[in-house]
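A, B, ... follow the sequence lines: proteins, then strands. Residue 1 opens every chain.
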Number of protein chains: 2
Amino acid sequence: MTVRTKTKREKLAEREEAIVSAARKMFHERGMQAAKMADIAAAAGVAEGTLYLYFKNKEALFAAVVTRHWEDLTEGASRVVAEVDTPRDQLAALAQFTLRRILDDWKLFELSFVLHYGSGDTSDATDKRAYVRIFDGIIERGIDRGDFSPEAPVRLLRDLFFGTMEYAVRSMLRSGKQDDEPAALAMLLKATDGVLMPTAEPQKADLADRLEAAVARLEAMSNR
Amino acid sequence: MTVRTKTKREKLAEREEAIVSAARKMFHERGMQAAKMADIAAAAGVAEGTLYLYFKNKEALFAAVVTRHWEDLTEGASRVVAEVDTPRDQLAALAQFTLRRILDDWKLFELSFVLHYGSGDTSDATDKRAYVRIFDGIIERGIDRGDFSPEAPVRLLRDLFFGTMEYAVRSMLRSGKQDDEPAALAMLLKATDGVLMPTAEPQKADLADRLEAAVARLEAMSNR
DNA sequence: GAACCGAATGAGCAACCCTCATTATTTCTG
DNA sequence: CAGAAATAATGAGGGTTGCTCATTCGGTTC
């Protein structure tokens with residue numbers, strides 16, 4: 001019996017898998033609007049009505065696809081980040097991974113925006129939550145270790161980090177120049193450094209002022 | 001005759017204005033999908049078929065609304081930027097203006113994304129072109145004047161600038177904390193500074209020069 | 001094998017964008 | 001100014017598409 005119920009559950013899971021998989025393909029190929037429920041059903045080898053047994057409506061099916069995509073991304077990012085030690089390197093690794101994946105899979109990334117923009121739901125992207133948390137973790141650890149300034153505005157940095165990357169990818173795809181990737185990463189890290197480790201330059205200048213002042217005192221003494 | 005044709009043109013222009021205006025309101029209130037062409041026609045005091053005499057389809061009408069919004073933004077930004085002198089201040093002014101306007105009118109801003117994301121047109125946002133050019137102009141002028149490093153990667157900076165702001169606004173709206181606005185602006189400018197005025201090396205060299213000069217003075221004195 | 005129950009089906013409905021034959025309005029002409 | 005010609009506007013109807021629901025199917029139990 002346990003075996004039989006399990007088989008039954010597995011059957012349902014398989015069907016759901018087939019549906020999501022077919023939906024993913026269709027949405028990817030044709031976008032949210034152009035992908036028809038009838039096509040998805042056909043591709044999944046299922047009657048149209050069956051879709052509605054597994055997902056409330058088209059949008060819910062769409063959301064399932066997007067959610068799964070973000071889960072994949074999160075897993076990949078976790079692995080990459082775990083491979084290096086210092087928070088600074090982790091940040092660089094996360095940036096590189098994210099940029100690459102967004103570039104490779106822009107279409108799907110785009111779709112995740114359609115989901116939240118398109119229909120006026122203000123419900124935030126819970127999909128992204130886990131992904132963003134990786135970033136937060138790196139920053140927090142960096143602050144704890146003393147690598148980063150304790151006043152670092154984590155939330156704002158997050159926006160800087162991901163916002164810049166999304167726009168950079170969009171620019172690259174538009175202009176067709178994907179070779180700017182290293183330059184973009186370098187700039188992003190330089191910018192975050194500017195916020196994470198501030199006030200290095202002023203201190204240096206200050207240092208020079210103090211030294212010159214000291215010399216001036218010597219001069220004044222000698223000239224006396 | 002000239003008068004009559006003018007009157008005719010004006011009449012057509014008026015009707016178009018009424019349509020776009022009604023569409024703007026509807027799209028703003030209900031979003032791209034939920035706003036029905038029938039409703040827009042009714043709101044504009046026009047038959048549904050008439051809409052299609054002025055705009056090819058729903059998307060074209062939508063595009064007209066978005067374009068007009070960006071024209072407004074561009075005009076406002078130009079004015080604000082012209083009011084201050086140094087490129088650095090202009091950048092700050094542009095940032096503040098942009099952030100404020102995106103915050104105030106997020107819904108419409110959102111819609112401009114639906115336009116380009118939603119239907120799989122890779123055609124870039126010509127709407128934004130003029131707006132972005134304001135930013136480019138500031139940077140170029142700054143480089144010419146010597147305020148900014150000549151190696152400044154303008155295109156990437158653009159992505160940093162606008163990407164960060166969009167994400168920041170989204171965060172603020174999500175968390176309901178709009179009081180972070182000054183902090184967000186400060187961080188953004190600090191980050192751009194980090195990229196625009198790198199030259200840590202030159203400063204260091206300068207520092208050494210100054211120290212050596214000071215020492216030389218001491219030496220000269222002692223040798224006297 | 002009969003009764004039961006959840007899963008699956010697909011014809012049909014309602015909503016919506018868009019077209020086009022028809023009607024109204026303006027412009028032109030003699 | 002009358003009537004013809006051209007242009008603008010209309011809205012009923014066509015074609016899609018997302019979704020529902022009465023019906024059928026497949027398997028489990030007694």
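Taking atom CG on A:Leu51 and atom C1' on C:dT9, their separation rounds to 11 Å, with Å as the unit. Atom CG in B:Leu12 sits roughly 8 Å away from atom C1' in D:dA8 (whole-Å rounding). The distance from atom CG of A:Leu53 to atom P of D:dT20 is 11 Å, rounded to the nearest whole Å.
For A:Tyr54, a side-chain nitrogen or oxygen approaches OP1 or OP2 of C:dA8 to under 4.0 Å.
Contacts of B:Phe55 with the nucleic acid, taken as non-hydrogen atoms under 4.0 Å apart, are absent.
DNA chain D is contacted by B:Arg15 of residues 14-26 of chain B, taking any non-hydrogen atom closer than 4.0 Å.
The residues B:Asp104 and B:Arg100 are annotated as salt-bridged, a charged nitrogen and a carboxylate oxygen being separated by less than 4.0 angstrom.
Evaluation of the salt bridge (charged side-chain N to carboxylate O under 4.0 Å, His left out) rule for B:Asp89 yields no partner, not counting sequence neighbours. When the salt bridge (charged side-chain N to carboxylate O under 4.0 Å, His left out) test is applied to B:Asp144, no partner is found at least two apart in sequence or on another chain.
A heavy-atom distance below 4.5 Å is found between the side chains of B:Arg170 and B:Trp106. The closest side-chain heavy-atom distance from A:Pro153 to A:Val195 is below 4.5 Å.
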> Between A:Arg88 and A:Asp147, is a salt bridge (charged side-chain N to carboxylate O under 4.0 Å, His left out) present by the stated rule, with each step listed?
Replying inline: CA-CA 8 Å; A:Arg88 185 76 211 305; A:Asp147 296 23; over 6 Å; no
Which atom pairs, one a donor and one an acceptor, fall under 3.5 Å between side chains of residues 66-80 of chain B and the rest of the protein, sequence neighbours left out?
residue: B:Thr67; atom: OG1; partner: B:Ala63; partner atom: O; Å: 2.9
residue: B:Thr67; atom: OG1; partner: B:Asp127; partner atom: OD1; Å: 2.9
residue: B:Arg68; atom: NH2; partner: B:Glu17; partner atom: OE1; Å: 2.8
residue: B:Arg68; atom: NH2; partner: B:Glu17; partner atom: OE2; Å: 3.1
residue: B:Thr74; atom: OG1; partner: B:Trp70; partner atom: O; Å: 2.8
residue: B:Glu75; atom: OE2; partner: B:Arg79; partner atom: NH1; Å: 3.4
residue: B:Ser78; atom: OG; partner: B:Thr74; partner atom: O; Å: 2.9

Donor-acceptor contacts under 3.5 Å from residues 21-28 of chain B side chains, at least two apart:
none

Enumerate the protein-to-nucleotides 15-17 of chain C contacts in which both atoms are nitrogen or oxygen and the separation is below 3.5 Å.
residue: C:dC16; atom: OP1; partner: B:Lys36; partner atom: NZ; Å: 3.4
residue: C:dC17; atom: OP1; partner: B:Lys58; partner atom: NZ; Å: 2.9
residue: C:dC17; atom: OP2; partner: B:Met37; partner atom: N; Å: 3.2

